[in-house]
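Have a look at the structure below, then the notes.
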Amino acid sequence: MRSRTGDLGLGAVFVAALAFLYLPIAVLVGLSFNESGLPTAWGGFSTKWYSELARDEEIKSAAVATMTVALAATGLSVLIGTPLAFGLARLRSRLLDGLVFVPMIIPDIVLAIALLSGFNLVFTQKLGLQLGLWSVVLAHATFGIAFVAIVVSTRLAHFDHSTVEASLDLGASESRTFLHVTLPQIAPGVIAGALIVFTLSVDEFVIAYFTAGIEITLPIKIYSMVRFGVTPVVNALATVVLGLSIALVLASMRLRGRQAAS
């Protein structure tokens with residue numbers, strides 16, 4: 001009886017925690033289909049706010065900028081983070097591992113101020129460049145490289161190096177061995193890391209706000225829209241971004257699950 005009571009108590013706490021986490025999100029999604037557009041009164045089901053969202057040119061422009069930044073930051077993170085993972089796996093230094101973790105755990109506001117200061121000092125004052133999407137790409141790649149390196153290094157911890165040695169012994173070049181032996185084995189980790197970076201880049205606001213200059217990304221656009229109140233269009237936009245983020249996170253988790261199973 002005592003065990004059953006304890007299980008019921010844990011179940012109640014679990015349900016309460018889920019409600020606390022997801023009830024506000026459910027309300028947001030529900031209000032995006034509210035005909036009246038009022039946050040306190042339900043006026044019937046409607047998708048008109050999504051149609052209005054699709055006609056907003058400023059939002060579409062901000063979405064294109066966000067996708068451009070996310071794709072570029074993801075590509076740069078993969079290109080740098082993957083070789084970094086090989087270096088970490090080979091050196092096996094706790095100090096270096098800790099240094100790679102720093103961009104992941106440092107507060108966003110601190111990293112944003114540091115990046116803004118660095119960009120202004122190096123690029124603006126020395127080279128005469130103005131902040132824009134390129135600076136947001138570099139800023140997002142700063143923490144994206146760390147995520148890719150950590151995920152890929154986890155894959156390398158279970159990597160069968162004998163296959164690489166066998167390929168080299170059979171006369172294959174290092175580049176051919178990497179493309180046909182190493183890369184297929186670490187591909188799930190690389191893709192999972194890329195999906196994580198892409199998701200974080202799409203959702204990231206603080207660092208983009210500090211480093212974007214006059215450019216407008218989607219999180220910055222949403223911030224400017226909610227400063228004077230949440231509208232149904234904002235709810236619809238947030239629902240679309242939420243759906244994209246969930247899809248990418250689920251895809252990343254599935255890939256990491258396959259990586260662990262193999």
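Here the structure is a predicted model, which means the values were calculated and not measured.
- In terms of heavy atoms, P24 sits closest to A19 at CD-O, 3.9 Å.
- The two residues L218 and I59 have their closest heavy-atom pair at CD1-O, 4.0 Å.
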>> If you apply the rule side-chain contact (heavy atoms from CB on, under 4.5 Å), what do you find for L138 with F123, and how did you get there?
In response: CA-CA 12 Å; L138 294 180; F123 294 103; 4.3 Å; yes

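- In this structure, the separation between CD1 on I222 and CG on L237 is 4.0 Å, given to the nearest 0.5 Å.
- Between I150 and M104 the shortest side-chain heavy-atom distance falls below 4.5 Å.
- The two residues T211 and A112 make their nearest non-hydrogen contact at CG2-O, 4.5 Å.
- Closest non-hydrogen pair, H140 versus E204, comes out as NE2-OE1, 3.6 Å.
- Under the 30°/60° scheme for interplanar angles, the aromatic rings of F33 and F45 are found to lie parallel.
- With a 4.5 Å cut-off on side-chain heavy atoms, S135 and F119 count as touching.
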> Can you check side-chain contact (heavy atoms from CB on, under 4.5 Å) on R55 and L53, steps first, answer last?
Replying inline: CA-CA 5 Å; R55 292 192 296 267; L53 174 65; over 6 Å; no

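- Within a 6.0 Å radius of CZ in F205, more than 12 heavy atoms belonging to other residues, nucleotides or ligands are found.
- The shortest side-chain heavy-atom distance between T124 and L129 does not fall under the 4.5 Å cut-off.
- Between S61 and I216 the shortest side-chain heavy-atom distance does not fall below 4.5 Å.
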>> L131 vs L116, test: side-chain contact (heavy atoms from CB on, under 4.5 Å). Steps then yes/no.
In response: CA-CA 9 Å; L131 297 179; L116 176 61; 3.5 Å; yes

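- Looking at S117 and I113, their side chains come closer than 4.5 Å, going by heavy atoms from C-beta outward.
- Aromatic ring pairs are classed by plane angle as parallel below 30°, tilted from 30° to 60° and perpendicular above 60°; the pair F147 and F143 is perpendicular.
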